[in-house]
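Side chains included, hydrogens not; waters and symmetry mates left out as well; all remaining heavy atoms used. Small disclaimer: the values here were computed from a predicted structure and weren't measured. Chain letters run A, B, ... following the sequence lines, proteins first and then strands; every chain starts at 1.
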2 protein chains.
Amino acid sequence: MALSSADRPSDQSSRPARLLTGSVEDELEHLILTGALRPGERLHEIQLSTRFGISRGPLREATRSLQAKGLVEVIPNRGVFVRSVTPGEALEIYDVRAAIFGLAGRLLTDLVNDTMLSRMHAFLEDMDAAAAKNDFEGYYRLNLAFHDFLILGTRNKTLAEEYNTLVNKLHLCRAQSLVTAGGLSVSNHEHREMVDSVASGNRERAQAAFFRHVERSKDRFRSTVTDLA
Amino acid sequence: MALSSADRPSDQSSRPARLLTGSVEDELEHLILTGALRPGERLHEIQLSTRFGISRGPLREATRSLQAKGLVEVIPNRGVFVRSVTPGEALEIYDVRAAIFGLAGRLLTDLVNDTMLSRMHAFLEDMDAAAAKNDFEGYYRLNLAFHDFLILGTRNKTLAEEYNTLVNKLHLCRAQSLVTAGGLSVSNHEHREMVDSVASGNRERAQAAFFRHVERSKDRFRSTVTDLA
DNA sequence: CCGTATTTGTCCGTATGTATG
DNA sequence: ACATACATACGGACAAATACG
């Protein structure tokens with residue numbers, strides 16, 4: 001039985017045509033990342049399947065996919081649980097994230113133009129304004145948008161995907177919530193250093209600046225963790 | 001019906017107890033990475049389920065997991081296909097791999113001891129010997145083992161996992177096969193530079209050396225690709 | 001330690017929609 | 001337009017492992 005007839009997936013005619021599995025997976029991922037499903041909590045098969053109005057098949061496929069993404073943990077004959085990231089793992093993740101973010105700075109330096117630079121400066125000013133008004137909420141959103149802009153600017157989809165995966169995993173660390181609040185104008189000084197490095201056209205300098213930015217986040221995280229311990 | 005009763009997955013009593021899904025997934029992954037299933041080739045549901053002697057359920061779960069790992073591509077209502085990595089994507093992956101490998105060098109510098117350094121030197125000598133005898137096969141295996149040793153030496157599981165994922169994806173690029181053959185004693189000079197950097201205790205230098213090593217592989221890959229185009 | 005209930009893992013049959021020739 | 005093949009999803013079923021009293 002030759003399985004040869006090498007059909008090649010034709011890229012054209014790309015209609016969305018979402019699969020149930022994918023929809024449920026997105027839904028679960030959203031529940032996990034927003035904290036509606038907390039780390040360690042169980043994903044009850046029949047409970048969830050009835051809640052979503054689907055059968056167990058697609059649900060199991062979705063959870064297996066989430067397992068591969070590192071968002072849940074499957075224990076044979078026990079069930080599926082939201083993965084909980086220990087502080088130690090979080091430190092590991094911070095390092096990998098720093099390396100990838102450093103690469104982003106390096107790649108950006110070679111791609112950046114005046115339009116992007118002015119947008120980056122606009123981000124800096126907006127964040128300064130938010131910090132001056134002690135607008136934590138606004139600063140948080142601007143900070144996220146700024147980082148997304150930088151990551152997207154590299155035009156490297158692999159990098160963006162990997163970076164998002166790591167950031168998501170960090171959300172699964174309970175102690176993490178404390179860190180995101182801290183920083184503010186402290187980290188905006190680092191942001192300015194990053195932008196200046198990119199503008200200077202010096203690849204290595206930009207890479208180091210981006211790398212250090214995440215490492216400092218890691219240090220802030222570590223200090224809060226060790227304080228608790 | 002409160003879903004509160006927060007069962008926490010107890011870490012103890014960790015028996016293997018493989019699930020069918022996991023076994024099939026490993027089997028398929030092996031078939032893909034060894035080239036038995038080539039990029040673009042289709043994974044026929046009923047065909048594979050009968051071949052493995054299982055039902056379609058676990059098989060579908062396995063393929064969704066492989067999709068999340070980036071090894072296969074699922075096209076709704078069409079089927080599952082082995083993902084084919086374009087040369088452009090391969091270049092992206094090389095950059096991310098370089099960043100992560102650079103981090104490995106940095107982390108190794110802070111962890112390395114005399115035992116590890118002597119093992120690294122042993123690797124260098126063995127690879128020199130293999131290169132002198134034009135023993136491509138032996139050099140290839142030693143090279144893999146050397147890189148594994150370095151990655152494992154960082155004691156960072158997130159890094160190791162991410163690195164392996166990227167290397168696996170590179171195998172899905174057809175043009176890639178040409179590159180792995182090239183190098184030999186050329187790259188062993190780079191290896192020596194890496195080990196020396198780690199031994200020097202200079203984090204930044206080691207990180208840069210490890211980063212450059214992968215970037216040079218990328219350059220070799222790019223030149224072979226552009227030659228074909 | 002035992003017996004029962006619950007849940008997972010797996011299989012099967014089947015209906016429906018979609019792609020392909 | 002038709003027929004075939006196939007992926008998708010559903011529902012039922014049962015064994016095995018686990019959890020609980």
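Look at CG on B:Leu20: it is 17 Å from P on C:dT8, rounded to the nearest Å. Taking atom CG of A:Asn77 as the reference point, atom P of C:dT8 lies 10 Å away to the nearest angstrom. Distance CG (A:Leu19) to P (C:dG17): 15 Å, rounded to an integer number of Å. Protein atom CD of B:Glu61 is 13 Å distant from nucleotide atom P of D:dA9, rounded to whole Å. When the C1' atom of D:dA7 is taken as reference, atom CD of B:Gln67 falls 14 Å away, rounded to whole Å. Remark: P of C:dG17 and CD1 of B:Ile75 are 22 Å apart, rounded to the nearest angstrom. Taking atom CG of residue B:Leu48 and atom P of nucleotide D:dA7, one finds them 10 Å apart after rounding to whole Å. Distance, B:Leu43 CG to D:dA7 C1': 13 Å, rounded to whole Å.
For A:Val74, the side-chain atoms get nearest to C:dG9 when compared with the rest of C:dA19, D:dA19, C:dG9. Across C:dT10, D:dA9, C:dA19, the shortest atom-to-atom separation from the side chain of B:Pro58 is found for C:dT10. Listed candidates were D:dA7, C:dC11, D:dT18. Nearest to the side chain of B:Arg42 is D:dA7. Comparing D:dA7, C:dG9, C:dT10 by their nearest atom to the side chain of B:His44 picks out D:dA7. With C:dT7, D:dC10, C:dC11 as the candidates, the nucleotide lying closest to the side chain of A:Ile46 is C:dT7. Side-chain atoms of B:Arg78 lie closest to C:dA19 of the nucleotides C:dA19, C:dT10, D:dT8.
With respect to B:Arg216 and B:Asp219, no salt bridge is recorded, no charged nitrogen being found less than 4.0 Å from a carboxylate O.
Looking at heavy-atom distances under 4.0 Å, A:Glu45 makes contact with sugar-phosphate atoms alone, never a base.
Residue B:Thr21 places none of its side-chain N or O atoms closer than 4.0 Å to OP1 or OP2 of C:dG9. Between A:Ser49 and D:dG11 there is no side-chain N or O to OP1 or OP2 distance below 4.0 Å. For D:dA7, neither phosphate oxygen OP1 nor OP2 lies less than 4.0 angstrom from any side-chain nitrogen or oxygen of B:Arg60.
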Requested in this report: Show your working on ring pair (Phe, Tyr, Trp, His ring centres under 6.0 Å) between A:Tyr163 and A:His147 and close with a plain yes or no.
Outcome: CA-CA 10 Å; A:Tyr163 185 81; A:His147 283 76; 7.3 Å; no

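The pairing partner recorded for D:dA1 is none, the criterion being a Watson-Crick or G-U wobble arrangement whose two distances lie under 3.5 angstrom. Shown here, C:dC1 forms no base pair; nothing in the strands shown gives a Watson-Crick or G-U wobble contact with both key distances under 3.5 Å.
Using a 4.5 Å heavy-atom threshold, the side chains of A:Glu41 and A:Phe81 count as separate.
Side-chain N or O atoms of A:Gln47 include none that pairs as donor or acceptor with a backbone N or O of A:His44 at under 3.5 Å.
Counting only residues at least two apart or on different chains, no salt bridge (charged side-chain N to carboxylate O under 4.0 Å, His left out) pair has a member in residues 155-169 of chain B.
Residue B:Glu92 is tested with A:Thr154, A:Leu107, A:Asn156 for a side-chain contact (heavy atoms from CB on, under 4.5 Å); the sole match is A:Asn156.
Residue B:Arg56 places a side-chain atom within donor-acceptor reach of the base of C:dT14, judged by atom type and a 3.5 Å distance cut-off alone.
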